[in-house]
Amino acid sequence: MTLALHNTLTRRVEPFAPLAPPRVTLYTCGPTVWNFAHLGNFRTFLFEDLLRRYLEYSGYDVFHIMNLTDVDDRTIKAAAGAGKLLGEHTAPFVQAFFEDRDYLRIKPAHAYPRATESIAAMVRLVERLLERGVAYKGDDGSIYFAIAKFPGYGRLSRLDTRELKVGARVASDEYAKDDPRDFALWKKAEPADEQVGAAWDAPFGRGRPGWHLECSAMSLEQIAKCCGTTTLDIHAGGVDLVFPHHEDEIAQSEAATAQPFARHWLHGEFLNVRGTKMSKRFGNFLTARDLREQGVDAAAVRLLFWQTHYRKALDFTDEALTGAGAGVRRLGEFRARLLGEREKGKGEGEGKLAGLATKFETDFRAALDDDLNAPRACAALFQLVHDGNAALDVGAPGAAVALTVLDRAMEVLDVLPTAKRLDAELRRWIQDRLAARDKARKAKDFKEADRIRAELAARGVEIEDTPSGTKWRLV
RNA sequence: GGCGCCGUAGCCAAGUGGUAAGGCAGAGGUCUGCAAAACCUCUAUUCGUCGGUUCGAUUCCGACCGGCGCCUCCA
């Protein structure tokens with residue numbers, strides 16, 4: 001089996017083949033740092049994390065680029081509203097984004113180009129498009145892309161067969177454009193832009209980049225730098241970016257380079273709340289930090305998301321999140337059991353567990369090879385937990401192999417419970433209480449034993465009596 | 001209006017032209033002083049509705065109902 005991924009260009013699941021294996025160039029549209037990213041945004045980033053990790057698991061050498069949109073309509077408006085300069089306003093949100101990323105265990109990209117630090121590349125791209133005659137200066141002084149000059153326009157979003165909704169595109173600056181569907185590459189500086197420091201000089205006039213231009217310029221600049229190419233292997237983002245954002249990126253990039261911009265386009269579906277997409281606009285959002293403050297284990301969020309295919313909308317509910325949390329703990333228990341066996345020196349060799357693990361790995365790969373079918377991969381995982389536990393119950397060998405295989409899969413899914421921090425004092429207290437309870441139990445003073453158990457539970461210590469003594473863990 | 005997606009158990013959710021994975025929750029049992037954890041058993045004769053194609057459809061086609069998205073610098 002080899003990896004196949006859905007390609008928005010063809011609307012089909014296609015075998016994935018990078019231009020220059022094992023190198024894979026991956027560009028994912030990052031956050032606009034005008035505010036905190038919400039969980040819906042992170043569903044996309046998490047889907048991209050799964051993609052990135054599975055490519056690596058499959059032996060590819062991934063170069064992952066994620067841009068930070070730190071200048072656009074919203075960042076300018078937000079900065080102006082806060083009476084700050086653009087950079088002053090966005091800096092804390094960039095910081096917050098990285099914190100949230102780490103909380104959710106998303107692997108850092110190899111490059112995080114920022115729009116405001118890539119202006120030179122954007123100016124060069126606009127100049128090239130002007131030279132090639134596919135861009136023009138509108139009556140308002142802004143530079144526009146002439147979609148009539150780019151025959152492939154609409155291929156990604158199937159716009160060629162669409163009709164625009166009457167009135168949908170009536171913008172105030174429409175008179176400035178040759179065709180209402182033309183989009184801005186470079187917007188002439190307005191007083192509001194100057195006020196927050198969002199304007200740059202360019203040969204074609206002082207202004208600021210359009211959002212679509214930013215991604216084209218940054219991705220082309222980064223892959224040229226890292227890999228000496230002008231074509232991305234994969235470009236990914238949320239479904240809402242298909243049109244116009246990605247359509248416009250293709251037009252700009254391909255008109256400039258005369259090369260395919262991206263070979264494979266992947267789009268993740270929305271995170272919904274009661275059937276409607278989570279959005280700042282609707283006010284139905286939740287941020288990663290909200291969950292962290294509620295003490296939600298990031299592993300539960302990850303498992304919840306993995307249990308729905310990335311191309312299907314997922315309704316976020318507390319009940320579903322709680323359920324995922326229970327699954328995460330069960331996985332943690334299973335791994336702890338395997339680890340215990342290995343440490344007792346009983347887990348070596350082949351045997352039942354090793355066989356189950358091998359079977360699991362085959363199923364796991366087959367599932368993810370099939371357009372990242374993580375729900376199926378999770379089903380295989382829980383099958384291993386179920387069968388593995390049953391095998392452990394009857395003392396089957398092979399735990400060490402199973403542990404290795406499990407940990408390898410966790411490199412992709414990363415859904416084991418977060419280890420709780422424990423200081424020496426708490427540890428001593430727990431030992432003391434357990435000893436006291438043990439004494440009470442031996443004396444058949446179960447009332448006292450249960451009282452101590454409740455005392456432990458009050459501080460988050462769960463206990464479990466086993467033939468080899470009382471085990472405990474923090475919850 | 002145009003383009004497109006979705007509708008599977010209490011909840012979440014895979015999947016296939018041949019008769020329904022997995023998770024959570026729930027019930028009973030084993031184990032335990034009691035618990036916990038784990039295991040065993042059970043929980044959709046049925047996949048929005050109605051037609052059609054087929055030996056056979058949840059899976060293909062059509063219509064309808066319901067929900068949603070994009071067409072507005074939204075992940």
Side-chain angles (χ1 to χ4, degrees), chain A residues 11 28-32 37-48 69 72-75 157-171 181 183-184 187 210-214 236-245 248 267-272 274-281 303-304 306-309 311-317 319-330 333-334 336-337 363 367 373-383 385-386 389-394 441 444-447 449-450 453 462-467 470-473:
Chain A
R11 311 283 157 116
T28 58
C29 286
T32 300
H38 59 66
L39 256 198
N41 301 316
F42 275 107
R43 182 181 182 203
T44 298
F45 302 145
L46 248 355
F47 136 63
E48 292 158 352
T69 300
D72 81 318
D73 286 2
R74 287 182 299 170
T75 44
S157 55
R158 311 251 154 135
L159 188 69
D160 40 333
T161 58
R162 294 182 181 206
E163 269 176 36
L164 286 168
K165 180 181 177 182
V166 177
R169 276 260 167 179
V170 179
R181 292 181 302 166
F183 57 92
K187 298 185 167 188
W211 179 42
H212 315 311
L213 180 79
E214 295 181 6
V239 270
D240 48 345
L241 300 189
V242 174
F243 186 86
H245 188 54
D248 292 349
H267 292 98
E269 256 295 346
F270 288 132
L271 182 66
N272 288 165
R274 279 191 278 272
T276 302
K277 76 168 183 172
M278 183 178 284
S279 165
K280 279 271 162 59
R281 196 150 49 95
L303 183 62
L304 175 66
W306 299 164
Q307 284 181 315
T308 300
H309 188 91
R311 281 194 291 114
K312 193 174 168 189
L314 161 61
D315 213 63
F316 185 85
T317 63
E319 195 181 359
L321 182 63
T322 304
V328 161
R329 282 189 293 280
R330 186 159 162 232
E333 294 293 334
F334 178 60
R337 260 187 108 176
D363 294 344
N373 193 329
R376 226 168 81 204
C378 288
L381 177 63
F382 281 102
Q383 200 63 57
V385 172
H386 183 268
N389 268 135
L392 284 166
D393 279 355
V394 296
R441 288 180 72 214
K444 301 258 189 259
D445 184 356
F446 296 121
K447 202 173 171 191
D450 290 346
R453 178 160 61 197
E462 241 174 35
I463 61 172
E464 183 181 337
D465 296 319
T466 76
T470 300
K471 293 199 297 185
W472 60 272
R473 64 181 165 275

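Heavy atoms only: backbone and side chains are in, while hydrogens, waters and symmetry mates are out.
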Nearest to the side chain of [X], which nucleotide is it out of [options]?
X: A:His309; options: B:A14, B:A21, B:G33; value: B:A14
X: A:Phe243; options: B:A38, B:C70, B:C12; value: B:C70
X: A:Pro375; options: B:A75, B:A14, B:C12; value: B:A14

Within this structure, what is the [atom1]-to-[atom2] distance between [X] and [N], rounded to whole angstrom?
X: A:Arg274; N: B:C11; atom1: CZ; atom2: P; answer: 15 Å
X: A:Trp306; N: B:G23; atom1: CH2; atom2: P; answer: 19 Å
X: A:Phe270; N: B:C68; atom1: CZ; atom2: P; answer: 13 Å
X: A:Glu464; N: B:A35; atom1: CD; atom2: C1'; answer: 10 Å
X: A:Leu314; N: B:C68; atom1: CG; atom2: P; answer: 16 Å
X: A:Glu269; N: B:A75; atom1: CD; atom2: P; answer: 15 Å
X: A:Arg311; N: B:G4; atom1: CZ; atom2: C1'; answer: 13 Å
X: A:Leu304; N: B:C12; atom1: CG; atom2: P; answer: 11 Å

Open item on the list: Do the side chains of A:Glu462 and A:Arg473 get close enough for a salt bridge, i.e. N-O under 4.0 angstrom?
Closed with: yes

Task: Salt bridge A:Asp393-A:Arg337, side-chain N to carboxylate O under 4.0 Å - done: yes

For [N], give the paired nucleotide (Watson-Crick: N1-N3 plus N6-O4 or O6-N4; G-U: N1-O2 and O6-N3; both under 3.5 Å), or none.
N: B:C5; value: B:G67
N: B:U54; value: none
N: B:C24; value: B:G10
N: B:U46; value: none
N: B:A38; value: B:U30

Do [X] side-chain and [N] base share a donor-acceptor contact under 3.5 Å?
X: A:Asp465; N: B:C34; result: yes
X: A:Lys277; N: B:C68; result: no
X: A:Asp450; N: B:G33; result: yes

Please work out if [X] contacts a base, only the sugar-phosphate, or nothing of the nucleic acid, heavy-atom cut-off 4.0 Å.
X: A:Thr322; answer: nothing
X: A:Gly237; answer: sugar-phosphate
X: A:His212; answer: nothing
X: A:Thr32; answer: sugar-phosphate
X: A:Asp73; answer: base
X: A:Glu48; answer: nothing
X: A:Ile463; answer: base
X: A:Phe334; answer: nothing
X: A:Arg453; answer: base
X: A:Thr308; answer: sugar-phosphate
X: A:His386; answer: sugar-phosphate

Side-chain N or O of [X] versus OP1/OP2 of [N]: is the shortest distance under 4.0 Å?
X: A:Lys447; N: B:C34; result: no
X: A:Arg330; N: B:C39; result: yes
X: A:Asn373; N: B:G15; result: yes
X: A:His267; N: B:G69; result: no
X: A:Lys280; N: B:A75; result: no
X: A:Arg181; N: B:G2; result: no

Open item on the list: Can you classify the ring geometry of A:His245 versus A:His212 as parallel (below 30°), tilted (30 to 60°) or perpendicular (above 60°)?
Closed with: tilted

- [ ] Indicate whether A:Phe382 forms a stack on B:G22; treat it as stacked only if centroid distance is below 5.5 angstrom and interplanar angle below 30 degrees.
- [x] no

Open item on the list: What's the separation between atom NZ in A:Lys471 and atom OG1 in A:Thr466, rounded to the nearest 0.5 Å?
Closed with: 6.0 Å

